[in-house]
Amino acid sequence: MASVSDEHLLCPVCREVFSLPVLLKCGHNSCKVCLQQFWLEKGCRECPVCCTPSASDRPPINLQLKIAADSFQERRTCQSPDFCTRHNEKLKVFCHNDEEPICVVCQTSKLHKIHNISPVEEAAPEKKKEISIKLESLQDHLKTLNKTMEQWDETKHFIKTQANYNEKVIKEEFQKLHQFLWEEEKTRLTKLKHEEELKTQVMQTKLNCIKEQIKKLSSIISDTEVAIRARDVLFLKDYKQTKFRTQHNIPQPECIRDILIDTAKHLGSLKYDVWKKMVELVKCAPVTMDPNTAQCNLRFYEELTRVQYSSKLLLPDNPERCSSRISVLGATGFTSGKHSWTVHVGYGSDWCIGVAQESINRKSVIFLKPSEGFWIIGLCNGDTYWAQTYPRTKLVVKNKPHRITVELDYDKGKVVFINTADSTPMHTFKDKFTERVFPYFAPGISEKGKSSCPLTICPMTIAIDVQ
């Protein structure tokens, strides 16, 4: 194959290295795509160089020229990246339209002639700054993803910890129920056994008595029968004694009542009676607390009805958790109706109770006021009661409350706090609720060397009504 010089590798139409060159009848070559475009614009099939008409609309591919052009492109690709692969000129300017560096020959070509061009020395710092900003954004996003992955991994392990703890508590509570049932079963079986032994003993005594009567009566009958069979003189001789014995007063067998096992007492309404006794064991609170919303220094007791400040726990910072305040929300929210619960605040020196709306800011420091979604009262420094209005309202109380009842009327937008001891109102909030609200509890922080006073939701009275 004859060699082809580099200057003959440029298409006469696009002035670029041939891409799929075709050979015209006149001997000139052109890129296939360039030729088709030229013919379309010209309106006739002729050579772009010498205008010689072409008899065929599909001229053959010049394989030798294609091989030479492809080889030339490969050689240019292996050259320094600072040089244009098309013109083998140094890349000195940057095309902002196509976002690529080009050489001065490319700049004057029709591909870039009307584009926004600037020197590489100017374009590089500008584009580096642009990419650096995007890089920082990507790096920040990567940090966020990595941090989130760590949090999610911790959450996954914490879910297992939670499940194990819940399983342990459930087993313990059912063990108490089982123990109650076992003891109740034992008590009832003992009573049944005692009744069985007592009535068996009574019947045995009765049986022994009647056996003696049977033995005695059988002896009289036997002796009388012998006397009747004796000779007349001998019979009459013993007549008086025989008559006396036959007149012996043996009472009729008594009618023994209430001697059978009192099955009705033992089996009648058995499950109901046991269930009634379980009321003494079971407690039911109007609301419970949600540990998933609790700040990490809080611990819970009594089936999630008591909360107390304690040492810090390793907990995931899930979206529901209140990390800005040492507080916890109730497990059930309200969107309508009337609800009430009583909180035993004890002798704590600092606490807050009330209601909070679902959308409160749980992650940063906030003011406990209605405009932020809080309707609460609290005790500060052990001597001053405040309603968290804006500004705060000092509450005057005659008797220091140890139990406070919170009454929520969602539809009327009222939250009333009542001193349970004397039923006197302490404060009333009036507002308009627009979303779900939850009970709110914030126990005091423990003083040095002392345990903090817990907040406890008082259980309701359980009444069994049979209809």
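Numbers here simply count residues along the sequence, with the first being 1. Everything quoted here is computed from the prediction, not taken from an experiment.
At distances below 3.5 Å, not a single donor-acceptor pair connects side-chain atoms of Asn116 with backbone N or O atoms of Ser118. A donor-acceptor pair is defined here as one N or O able to donate and one able to accept, closer than 3.5 Å; such a pair exists between the side chain of Lys363 and the backbone of Arg321. Side-chain atoms of Thr420 come within 3.5 Å of backbone N or O of Arg403 as a donor-acceptor pair. A distance-only check finds no donor-acceptor pair linking the side chain of Gln357 to the backbone of Arg436 [under 3.5 Å]. Distance alone, capped at 3.5 Å, places no donor-acceptor pair between the Ser423 side chain and the Asn419 backbone. Asn97 contributes no side-chain N or O that, together with a main-chain N or O of His115, makes up a donor-acceptor pair within less than 3.5 Å. For the pair His141 (side chain) and Ser137 (backbone), a donor-acceptor distance under 3.5 Å is absent.
A salt bridge links Lys199 with Glu195; the closest basic N to acidic carboxylate O contact falls under 4.0 Å. Taking 4.0 Å as the cut-off between side-chain N and carboxylate O, Glu99 and Lys127 do not count as a salt-bridged pair. Here Glu320 does not pair with Arg362 in a salt bridge; the nearest charged N to carboxylate O distance is not below 4.0 Å. Lys66 and Asp70 are joined by a salt bridge, as a carboxylate oxygen and a charged side-chain nitrogen come within less than 4.0 angstrom of each other. Between Lys171 and Glu167 there is a salt bridge, since a side-chain N of the basic residue sits under 4.0 Å from a carboxylate O of the acidic one.
The aromatic ring centres of His96 and Phe94 sit less than 6.0 Å apart. Residues Phe334 and Tyr410 place their aromatic rings such that the two centres sit no closer than 6.0 Å.
Within the 4.5 Å cutoff, the side chain of Ile261 has heavy atoms near those of the His266 side chain.
By the 30° and 60° cut-offs, the orientation of the rings of Trp182 relative to His178 is tilted.
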Name the atoms and distances for all side-chain donor-acceptor pairs under 3.5 Å in residues 372-381, with sequence neighbours left out.
from	atom 1	to	atom 2	distance (Å)
Trp375	NE1	Asp431	OD2	3.0

Return a table of donor-acceptor pairs under 3.5 angstrom between the side chains of residues 218-236 and protein atoms on other chains or two or more places apart.
from	atom 1	to	atom 2	distance (Å)
Ser218	OG	Ile214	O	2.7
Asp223	OD2	Arg245	NH1	2.5
Asp223	OD2	Arg245	NH2	3.0
Thr224	OG1	Ile220	O	2.7

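Counting heavy-atom neighbours within 6.0 Å of Phe367 CZ, excluding the residue itself, gives a total of 12 or less.
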